[in-house]
Visitor: 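Sharing a structure with you now.
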Amino acid sequence: MNNGMGYDISIESVGGPHPLSVREVLQVSFGFRRQTPFERSFITNANLNYGAILSSIVVVLECYMLQNSARMSSNPQVVEKMGMSWIAQHSAAYAIQMLSALFLIAYTLAVRNCRKRPCNELLSRAAIIQFVVICIAFGIYISLGDIARGNGMYAFLTQMVSIVCIFVVKPFIFIPILFGTFSFMLHAANEAGALTHGSTVNLQILCLTLMTSCCIKHYKYVRGAQTRERLARYSYHDELTGLHNTRALQQDHARWVGKRIAFAIIDIDNFKHYNDAFGHLLGDRILSLLASGMSINLDEHTRIYRMGGDEFALVSSSLGKEGLRAYIEHGRASFQTRASQNGLEAQGHPLGFSIGIAEDLVSSTEDVQRLMREADRAMYEEKRKRHARRDSVEVELGG
């Protein structure tokens, strides 16, 4: 939008994730698009949580199967019919899957009990992958034995359906696994004469359905993660300027405890008059100019926040009071120059702002609140003096 003064103003809308093109939908669905750290963490946590639930069910079932194997091994008739080797091999398979499930449960609980430390992505993925791989191997192994005895491939199908239903896996990785394992099992079943034509077709349809479900689920979780990431970002950032907001400031109180900080409040002079006279879009442009000018060359120990309206706060544990003032004065000059170059003035005067700064050692979060109040009072005192000087100059010129 052009305001007649050389500006092209556009305000980014903040909603859900932007609509995707067909190409982007396919990239997300198949997992080809690179994920952000937030998306990876979101999906990993979901896999851990739901994987732990599935693992708990597996542990219960495998305990029952091991108990059943123990009963079989003590029955001479069953041993003679099935063979002790068969019973021992199946017992080992049950035990391996149960241990894999127990490991995933234990790891998930350990992560949840250590919330102060960030989740290790590589270890988390390793815990998930080992369980998925063992489930697939278990399903294939048990089903091959069942096919030979004419009992079908239900163990394999149960494992694959469970994995697709529970875990979010990148389809471009998992679809080849699905296709390869289904092809192998169908070939083994056909060789054993265990499948009719209709059963083969139905299993092929099931494989395609699982592939489609894998893509849909991956797309859904990635888009959900994108929505959560945007909401998290905007809950701690100002929509217009992109700066940290008051909520972020309150959260950061604790980080300054034990440090000496300089707290500055900035308030644009005559902003209400300019906003009312020329409209909110240009007012927003002024705020954006100030935010961008004040954000240049900030070190990691200095943060800027938009407090609301035309009021901003800068907090630094490295610059000190005078250093922070020098930084803000440099930003003031840059802001005024950029505003004047674009014809932005308030009541015939270049745009400017008033500053209030307080400095002290922070012993508790209450000290941060105290410094904020002191800086606010100092800012209003400077604003009063600046207005008084301006009024005095106008009277002299008028005289």
Visitor: State, yes or no, whether a side-chain contact exists between Val59 and Met98 at a heavy-atom distance under 4.5 Å.
Guide: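 Yes, at least one pair of side-chain atoms sits under 4.5 Å.
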
Visitor: Please identify which of these residues, Val161, Thr181, Leu144, Leu203, meets the side chain to side chain contact (heavy atoms under 4.5 Å, CB included) condition with Phe156.
Guide: Thr181

Visitor: For the pair Asp310 (side chain) and Leu287 (backbone), establish whether a donor and an acceptor sit closer than 3.5 Å, ignoring hydrogens and angles.
Guide: no

Visitor: How long is the span from the CE atom in Met294 to the OH atom in Tyr327, to the nearest 0.5 Å?
Guide: 7.0 Å

Visitor: Which distance, rounded to the nearest 0.5 Å, do you find between the CG of Leu243 and the OG of Ser288?
Guide: 9.0 Å

Visitor: Using side-chain contact (heavy atoms from CB on, under 4.5 Å), reason through Glu359 and Leu371 one step at a time and then give a plain yes or no.
Guide: CA-CA 7 Å; Glu359 182 183 12; Leu371 286 174; 5.7 Å; no

Visitor: Is the shortest heavy-atom distance from the side chain of Leu231 to the side chain of Thr227 under 4.5 Å?
Guide: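 Yes - at least one pair of side-chain heavy atoms lies under 4.5 Å apart.
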
Visitor: Roughly how far, to the nearest 0.5 Å, is the CZ atom of Arg384 from the OG atom of Ser354?
Guide: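 The OG atom of Ser354 sits 11.5 Å away from the CZ atom of Arg384.
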
Visitor: So Ile96 and Ser100, do their side chains get closer than 4.5 Å, heavy atoms only?
Guide: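 The answer is no, as the side chains (C-beta and beyond) never meet within the 4.5 Å cut-off.
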
Visitor: So which heavy atom on Ala101 is nearest to which on Val58, and how close?
Guide: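 Between these two residues, the closest heavy atoms are CB-CG1, 4.0 Å.
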
Visitor: Can a donor-acceptor pair be found between the side chains of Gln226 and Arg223 at a distance below 3.5 Å?
Guide: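 Checked: Gln226/Arg223 side chains pair up, N/O donor to acceptor below 3.5 Å.
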
Visitor: So how far is it from Ile357 CD1 to Ile328 CD1, rounded to the nearest 0.5 Å?
Guide: 4.5 Å

Visitor: Minimum heavy-atom separation for Ile105 and Ala52, please, with both atom names.
Guide: CG1-O, 3.9 Å

Visitor: Please report the C-alpha distance between Leu123 and Val111 in whole Å, then the side-chain angles of each, then the deciding distance to 0.1 Å, and finally whether the side-chain contact (heavy atoms from CB on, under 4.5 Å) criterion is met.
Guide: CA-CA 10 Å; Leu123 286 178; Val111 169; over 6 Å; no

Visitor: Verify, without hydrogens or angle tests, whether Asp376 (side chain) and Met372 (backbone) share a donor-acceptor contact under 3.5 angstrom.
Guide: no

Visitor: Is it the case that over 12 heavy atoms from other parts of the model lie below 6.0 angstrom from the CZ atom of Arg34?
Guide: no

Visitor: Spell out, as yes or no, whether a donor-acceptor pair under 3.5 Å connects the side chain of Arg306 to the backbone of Gly309.
Guide: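 Present.
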
Visitor: Would you say the side chain of Leu206 lies within less than 4.5 Å of the side chain of Phe182, judging by non-hydrogen atoms?
Guide: yes

Visitor: Should Leu289 and Leu240 be regarded as members of a common hydrophobic cluster, given that ILVMFWY residues are connected when their side-chain heavy atoms come within less than 4.5 Å of each other, either directly or indirectly?
Guide: yes

Visitor: Do Phe32 and Ile175 share a hydrophobic cluster, counting only Ile, Leu, Val, Met, Phe, Trp and Tyr and linking them when any side-chain heavy atoms are less than 4.5 Å apart?
Guide: yes

Visitor: Atom CG of Asn202 and atom SG of Cys207: how far apart are they, to the nearest 0.5 Å?
Guide: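 Output value for this atom pair is 13.0 Å.
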
Visitor: Report yes or no: do Ser124 and Tyr107 form a side-chain donor-acceptor pair below 3.5 Å?
Guide: yes

Visitor: Looking only at non-hydrogen atoms, find the nearest pair between Phe172 and Gly31 and report the distance.
Guide: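 For Phe172 versus Gly31, the nearest heavy atoms are CE2-O, 3.2 Å.
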
Visitor: To check you understand the geometry: which heavy-atom pair defines the closest contact between Gln97 and Ile134, and what is its length?
Guide: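 Taking Gln97 first and Ile134 second, the nearest heavy atoms are CA-CG2, 3.9 Å.
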
Visitor: Ignoring hydrogens and angles, tell me if any N or O in the side chain of Glu39 forms a donor-acceptor pair with the backbone of Val222 under 3.5 Å.
Guide: no

Visitor: I'd like to know if Tyr50 and Leu109 are part of one continuous hydrophobic network [Ile/Leu/Val/Met/Phe/Trp/Tyr, side-chain heavy atoms within less than 4.5 Å].
Guide: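 Result: no, two separate clusters.
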
Visitor: Closer than 4.0 angstrom, basic N to acidic O: yes or no for Arg370 and Glu366?
Guide: no

Visitor: Under the side chain to side chain contact (heavy atoms under 4.5 Å, CB included) test against Thr212, which residue among Ile216, Thr209, Leu210 passes?
Guide: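 Looking at Ile216, Thr209, Leu210, the match for Thr212 under the side chain to side chain contact (heavy atoms under 4.5 Å, CB included) is Ile216.
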
Visitor: In this structure, which one of His90, Met72, Gln77 forms a side chain to side chain contact (heavy atoms under 4.5 Å, CB included) with Met82?
Guide: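 Among the candidates, only Met72 passes.
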
Visitor: Contact between Gln35 and Lys170 at the side-chain level, heavy atoms closer than 4.5 Å - yes or no?
Guide: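 Yes. Closest side-chain heavy atoms under 4.5 Å.
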
Visitor: Hydrophobic clustering (ILVMFWY, side-chain heavy atoms < 4.5 Å, transitive) - are Phe42 and Ile129 grouped together?
Guide: no

Visitor: Please give me the minimum heavy-atom distance between Leu361 and Asp367, naming the atom from each residue.
Guide: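 Where Leu361 meets Asp367 most closely, the heavy atoms are O-OD2, 3.9 Å.
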
Visitor: Could you pull out all residues at least two apart from Asp299 that satisfy side-chain hydrogen bond (donor to acceptor under 3.5 Å, both in side chains)?
Guide: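 Scan of Asp299 (side-chain hydrogen bond (donor to acceptor under 3.5 Å, both in side chains), adjacent residues dropped) gives Thr302, Ser318.
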
Visitor: Between Val25 and Tyr219, does the side-chain contact (heavy atoms from CB on, under 4.5 Å) criterion hold? Intermediate values first, please.
Guide: CA-CA 8 Å; Val25 168; Tyr219 177 85; 4.0 Å; yes

Visitor: Tell me, do Glu121 and Ser41 make a side-chain contact under 4.5 Å, heavy atoms counted?
Guide: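 Glu121 vs Ser41: side chains touch.
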
Visitor: For a quick check under 3.5 Å, do Ser85 and Gln89 share a side-chain donor-acceptor pair by atom type?
Guide: yes

Visitor: Strictly below 4.0 Å, N to O, side chains only: are Glu329 and Arg332 in salt-bridge contact?
Guide: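 Arg332 and Glu329: salt-bridged.
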
Visitor: Classify the side-chain pair Tyr94/Asn68 by whether it contains a donor and acceptor separated by less than 3.5 Å.
Guide: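 Looking only at side-chain atoms, Asn68 and Tyr94 do not form any donor-acceptor pair under 3.5 Å.
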
Visitor: Do you know the tightest heavy-atom contact between Leu66 and Ala95?
Guide: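 Closest approach of Leu66 to Ala95: CD2-N, 4.1 Å.
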
Visitor: Do the side chains of Arg112 and Leu48 get nearer than 4.5 Å, heavy atoms only?
Guide: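 Yes; the side chains approach each other to less than 4.5 Å.
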
Visitor: Would you indicate whether Arg149, at its atom CZ, is surrounded by more than 12 heavy atoms from other residues, nucleotides or ligands within a distance under 6.0 Å?
Guide: yes

Visitor: Roughly how far, to the nearest 0.5 Å, is OG of Ser316 from CH2 of Trp256?
Guide: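 Rounded to the nearest 0.5 Å, the CH2-OG separation comes out at 10.0 Å.
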
Visitor: Determine whether Tyr64 and Ile142 fall in the same hydrophobic cluster, where Ile, Leu, Val, Met, Phe, Trp and Tyr are linked whenever their side-chain heavy atoms lie under 4.5 Å apart.
Guide: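 Linked, Tyr64 and Ile142 end up in one cluster.
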
Visitor: Check whether any side-chain heavy atom of Leu104 sits under 4.5 Å from a side-chain heavy atom of Gln130, and report yes or no.
Guide: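 A side-chain contact under 4.5 Å exists here.
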
Visitor: Is there a ring pair (Phe, Tyr, Trp, His ring centres under 6.0 Å) between Phe30 and His218? Walk through the geometry before answering.
Guide: CA-CA 8 Å; Phe30 285 96; His218 187 267; 9.4 Å; no

Visitor: So His187 and Asn190, side-chain contact (heavy atoms from CB on, under 4.5 Å) or not? Walk me through it.
Guide: CA-CA 5 Å; His187 175 74; Asn190 279 322; 5.8 Å; no

Visitor: Look at the side chain of Asn47 and the backbone N and O of Val168, then say whether any donor-acceptor pair between them is shorter than 3.5 Å.
Guide: yes

Visitor: With a 3.5 Å distance limit and no angle check, can you tell me whether Ser295 reaches the backbone of Ser292 through a side-chain donor-acceptor pair?
Guide: no

